[in-house]
Peer 1: 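What follows is a single structure, and I will ask about it in a moment.
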There are 2 protein chains.
Amino acid sequence: MRIGELAQKSGFSRDTIRFYEQNGLITSTVGDSETNSYRNYKNDCLVWLKFFAGAREAGMSVADLRSIVEATAESCDREVARAVIQRKIEELKERADQIGNAVRFLENTLSG
Amino acid sequence: MRIGELAQKSGFSRDTIRFYEQNGLITSTVGDSETNSYRNYKNDCLVWLKFFAGAREAGMSVADLRSIVEATAESCDREVARAVIQRKIEELKERADQIGNAVRFLENTLSG
DNA sequence: AAAAACAATAGACCATTGTCCATGGTTGAG
DNA sequence: CTCAACCATGGACAATGGTCTATTGTTTTT
């Protein structure tokens with residue numbers, strides 16, 4: 001699909017999609033048209049983008065996402081990949097703990 | 001206490017403390033010395049800073065923190081304050097949900 | 001054919017969240 | 001007294017995550 005369709009389906013702007021692509025979060029290929037240089041995005045990209053939307057809200061950085069994308073690439077050693085992903089999961093859980101603390105603190109200001 | 005002590009006790013750098021102060025997260029008073037203009041921070045500041053440390057890790061912005069600080073001020077209407085804090089709690093819970101989703105996604109890439 | 005919508009690329013621009021530096025004055029230890 | 005450590009203020013600088021604009025070319029619609 002082309003960038004416009006991907007934008008519409010993912011909810012990200014074209015600019016943001018290009019920004020993510022520049023940062024290695026997704027990849028596209030140049031179509032085989034002789035007349036234009038429009039890029040082609042696979043459904044894969046859409047899947048990733050949907051994950052990115054939630055992941056960004058969860059507080060993950062673009063660099064985090066990149067390392068995840070790279071880890072899940074075929075070329076990446078399975079052991080290394082597992083370690084990277086595990087690390088990210090732990091970071092997320094730590095953040096969840098901090099959220100729990102913050103919520104308790106705020107609830108206290110309400111009742112206290 | 002002076003900024004150095006506050007920095008040491010809170011774990012934030014002097015610069016960050018000044019930055020937070022400029023952004024209305026904490027306040028200090030000018031001491032009553034005739035010879036210097038050193039600022040004085042109350043224990044209150046330390047309590048806030050300790051909360052900020054976790055809250056920032058939880059993904060709250062400085063603007064978020066500011067609205068919380070303002071809401072808990074004496075001068076703020078209790079009803080308004082409650083609404084602000086409730087809102088922040090909900091945002092945190094949403095973020096926690098997103099974290100849950102991201103964790104599940106990542107765990108899937110490990111097992112799947 | 002002409003206009004509207006879409007695309008690629010590159011670079012400028014913006015807010016956020018700090019950090020670092022320069023300057024100049026103060027305090028405390030030795 | 002002097003030197004190190006501290007403080008205040010202000011401004012520069014940097015990374016992150018986008019967004020906007022300009023330019024140029026393509027496709028689609030009318």
Side-chain angles (χ1 to χ4, degrees), chain A residues 1-42 45-46 48-49 51-69 88 91 95 98 102, chain B residues 1-42 45-46 48-49 51-69 88 91 95 98 102:
Chain A
M1 75 190 96
R2 300 197 306 205
I3 197 167
E5 188 181 350
L6 183 58
Q8 179 262 309
K9 285 183 176 165
S10 69
F12 285 103
S13 72
R14 288 179 179 82
D15 277 336
T16 299
I17 291 173
R18 293 199 184 100
F19 172 74
Y20 284 174
E21 183 166 7
Q22 276 161 25
N23 284 276
L25 266 51
I26 56 172
T27 52
S28 64
T29 51
V30 188
D32 32 298
S33 163
E34 299 284 332
T35 51
N36 69 36
S37 55
Y38 292 0
R39 304 200 138 266
N40 192 279
Y41 295 85
K42 288 191 273 195
C45 294
L46 181 54
W48 276 120
L49 287 175
F51 165 64
F52 296 160
R56 296 282 302 126
E57 279 195 49
M60 305 192 81
S61 70
V62 170
D64 286 334
L65 298 181
R66 177 169 192 167
S67 69
I68 289 169
V69 168
K88 294 303 163 194
E91 287 172 8
R95 201 192 315 275
Q98 296 299 334
Chain B
M1 77 190 97
R2 299 197 307 205
I3 198 168
E5 188 180 351
L6 183 58
Q8 179 261 309
K9 285 183 176 164
S10 68
F12 285 104
S13 71
R14 287 178 179 82
D15 277 336
T16 299
I17 291 173
R18 293 202 182 99
F19 172 73
Y20 283 174
E21 183 166 6
Q22 277 161 26
N23 284 275
L25 266 51
I26 55 173
T27 52
S28 65
T29 51
V30 188
D32 32 300
S33 164
E34 299 284 333
T35 50
N36 69 37
S37 53
Y38 292 0
R39 305 201 137 266
N40 192 278
Y41 296 85
K42 289 192 273 196
C45 294
L46 181 53
W48 276 119
L49 287 175
F51 165 64
F52 296 159
R56 297 281 302 125
E57 279 195 50
M60 304 191 83
S61 69
V62 169
D64 286 334
L65 298 181
R66 176 166 193 169
S67 69
I68 289 168
V69 168
K88 293 304 164 194
E91 286 173 9
R95 200 192 318 273
Q98 295 299 335

Peer 1: Out of D:dG18, C:dT17, D:dT27, which has the shortest distance to the side chain of A:Thr35?
Peer 2: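 Selected nucleotide: D:dT27.
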Peer 1: With a 4.5 Å limit on heavy-atom distance, are the side chains of B:Val69 and B:Phe51 in contact?
Peer 2: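 Side chain of B:Val69 against side chain of B:Phe51, heavy atoms only: no contact under 4.5 Å found.
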Peer 1: Roughly how far, to the nearest 0.5 Å, is CG of A:Leu46 from CZ of A:Phe12?
Peer 2: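 A:Phe12 CZ to A:Leu46 CG: 10.5 Å, rounded to 0.5 Å.
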Peer 1: Could you check if a side-chain atom of B:Trp48 sits within less than 4.5 angstrom of a side-chain atom of B:Ile68, using non-hydrogen atoms only?
Peer 2: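 The answer is yes; the side chains approach within 4.5 Å.
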Peer 1: Check this one for me: any side-chain N or O of A:Arg18 less than 4.0 Å away from OP1 or OP2 of C:dA7?
Peer 2: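 No, outside the criterion.
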Peer 1: Does A:Asn23 have a side-chain nitrogen or oxygen under 4.0 Å from the phosphate oxygens OP1 or OP2 of D:dG17?
Peer 2: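 Answer no for this pair, as no side-chain N or O of A:Asn23 is under 4.0 Å from OP1 or OP2.
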Peer 1: Assign each of A:Ser33 and A:Phe12 to its nearest nucleotide of DNA chain D by heavy atoms, then name whichever residue's nucleotide is nearer the 5' end.
Peer 2: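 Nearer the 5' end of the strand: A:Phe12.
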Peer 1: Can you tell me if A:Thr16 touches the phosphate of D:dT19, counting only side-chain N or O atoms and a distance under 4.0 Å to OP1 or OP2?
Peer 2: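 For A:Thr16, the contact criterion (side-chain N or O under 4.0 Å from OP1 or OP2 of D:dT19) is met.
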Peer 1: Does a salt bridge link A:Glu91 with A:Lys88, judged by any charged N lying under 4.0 Å from a carboxylate O?
Peer 2: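 Yes.
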Peer 1: Could you tell me whether the phosphate oxygens of C:dT9, OP1 or OP2, come under 4.0 Å of any side-chain nitrogen or oxygen in A:Ser37?
Peer 2: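 Indeed not, no polar side-chain atom of A:Ser37 lies that close.
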Peer 1: Measure from the side chain of A:Arg39, starting at C-beta and using heavy atoms only, and say which of C:dA8, D:dT27, C:dT19 lies closest.
Peer 2: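 Of the candidates, C:dA8 comes closest.
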Peer 1: Between A:Tyr20 and A:Glu34, just flag the one whose closest nucleotide in DNA chain D comes earlier from the 5' side.
Peer 2: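 Comparing both residues, the 5'-ward one is A:Tyr20.
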Peer 1: B:Tyr38 side chain N/O closer than 4.0 Å to the phosphate oxygens (OP1, OP2) of C:dG25?
Peer 2: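 No, B:Tyr38 has no side-chain N/O under 4.0 Å of OP1/OP2 on C:dG25.
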Peer 1: Taking only side-chain nitrogens and oxygens of A:Arg2, does any of them come within less than 4.0 Å of OP1 or OP2 of C:dC6?
Peer 2: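 So the side chain of A:Arg2 is outside the cut-off, no N or O lying under 4.0 Å from OP1 or OP2 of C:dC6.
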Peer 1: For D:dG18, take OP1 and OP2 only and decide whether either is under 4.0 Å from a side-chain N or O of A:Arg56.
Peer 2: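 Yes, such a contact exists.
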